[in-house]
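Written below as structure tokens is the structure these notes are about.
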Amino acid sequence: DAGVIQSPRHEVTEMGQEVTLRCKPISGHNSLFWYRQTMMRGLELLIYFNNNVPIDDSGMPEDRFSAKMPNASFSTLKIQPSEPRDSAVYFCASSLRQEPDTQYFGPGTRLTVL
Amino acid sequence: SQQGEEDPQALSIQEGENATMNCSYKTSINNLQWYRQNSGRGLVHLILIRSNEREKHSGRLRVTLDTSKKSSSLLITASRAADTASYFCATDAEQGAQKLVFGQGTRLTINP
């Protein structure tokens, strides 16, 4: 079975450019989570969706970040404009939205903003 | 905000020895989970313990939970080189909430 798929795996861009990260959750999962991981701040939840609807975006750092989930099999996280402090590994995870809920993580996208 | 805090931050032991990692959290929870992250990879779920459980086993893993002390421990017995990874505890951000809050992790190194 395919796990959570993220693309690209690595992204290097220059400050001010738009960055789009993509995620395909596990088929049948109805919750999707976006995380950011840095050495300084650890693993932070940015936003999560249930049945394609954003439930909690309180972790989104600022207006430069936006996330969409147009259907059950695809989500994007966009940063516009990007800044060097956005450099991090971004993870997507999905779950069945059960109690208790176990999350399945993708391999991550390593973003470097120069 | 509530967050699990792992202790120690880093642990280095010899292959075959047991490894113990601890996690403390701040508020009441329904569940506590442990995840493993190999270098350059995503997190993988290891084991979940409910608030009404005190101990749980899965293979070489043993998890304990003390809700009165708001702490949990993860024991890996008979460690192997392949156990080298970072280990994170995760708790529900609010009791019963779906979203999780992860600790900073313990980096475990198993020396052959």
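Proteins get letters first, then strands, A, B, ... in listed order; numbering begins at 1 in each. Given the structure is predicted, the values throughout are model-derived calculations rather than measurements. Every heavy atom of this structure was used, including side-chain atoms; hydrogens, water molecules and symmetry mates were not.
- Scored by the side-chain hydrogen bond (donor to acceptor under 3.5 Å, both in side chains) test, A:E11 finds no partners at all (sequence neighbours excluded).
- Qualifying side-chain hydrogen bond (donor to acceptor under 3.5 Å, both in side chains) partners for B:N52, counting only residues two or more places apart in sequence or in other chains: none.
- With a 4.5 angstrom heavy-atom cutoff, A:R9 touches chain B only via side-chain atoms.
- Hydrophobic clustering (side-chain heavy atoms under 4.5 Å, transitive across Ile, Leu, Val, Met, Phe, Trp, Tyr) keeps B:L75 apart from B:M21.
- Under a hydrophobic clustering in which Ile, Leu, Val, Met, Phe, Trp and Tyr are joined whenever their side-chain heavy atoms come within less than 4.5 Å, directly or via other members, B:L100 and A:I47 fall into different clusters.
- When the shell of 6.0 Å around CZ of B:R54 is examined, it contains more than 12 heavy atoms from other residues, nucleotides or ligands.
- A:I55 CD1 to B:Q98 CD: the interatomic distance, rounded to the nearest 0.5 Å, is 8.0 Å.
- For A:P107, the part lying under 4.5 angstrom from a heavy atom of chain B is the backbone only.
- A:V4 and A:V89 fall into different hydrophobic clusters, where Ile, Leu, Val, Met, Phe, Trp and Tyr are joined by side-chain heavy atoms under 4.5 Å apart, directly or via other members.
- Residues forming a side chain to side chain contact (heavy atoms under 4.5 Å, CB included) with A:R64 (at least two apart in sequence, or on another chain): A:E62, A:I79, A:P81, A:E83, A:R85, A:D86.
- Annotation: residues 12-23 of chain A contacts chain B through no residue [non-hydrogen atoms, separation under 4.5 Å].
- In B:Q9, the CD atom is not crowded: 12 or fewer heavy atoms of neighbouring residues, nucleotides or ligands sit closer than 6.0 Å.
- Transitive grouping of hydrophobic side chains (ILVMFWY, heavy atoms separated by less than 4.5 Å) keeps A:L46 and A:F91 in distinct clusters.
- Ranking A:P100, A:C92, A:G108 against chain B, the residue ahead of the rest is A:P100, based on heavy-atom pairs under 4.5 Å.
- More than 12 heavy atoms of other residues, nucleotides or ligands sit less than 6.0 Å from atom NZ of B:K56.
- Linking ILVMFWY side-chain heavy atoms closer than 4.5 Å, directly or via other members, places A:L45 and B:V44 in two distinct hydrophobic clusters.
- With a 4.5 angstrom heavy-atom cutoff, B:L43 touches chain A via backbone and side-chain atoms both.
- Using a 4.5 Å heavy-atom threshold, the side chains of A:S58 and B:K99 count as touching.
- A donor atom on one side chain and an acceptor atom on the other are found under 3.5 Å apart for A:Q37 and B:Q37.
- The contact between A:D101 and chain B is made by backbone and side chain atoms together, counting heavy-atom distances below 4.5 Å.
- Within the model, atoms OH of B:Y35 and CZ of A:F105 stand 6.0 Å from one another, a figure rounded to the nearest 0.5 Å.
- With respect to chain B, the highest number of heavy-atom pairs below 4.5 Å among A:Y104, A:F33, A:Y48 belongs to A:Y48.
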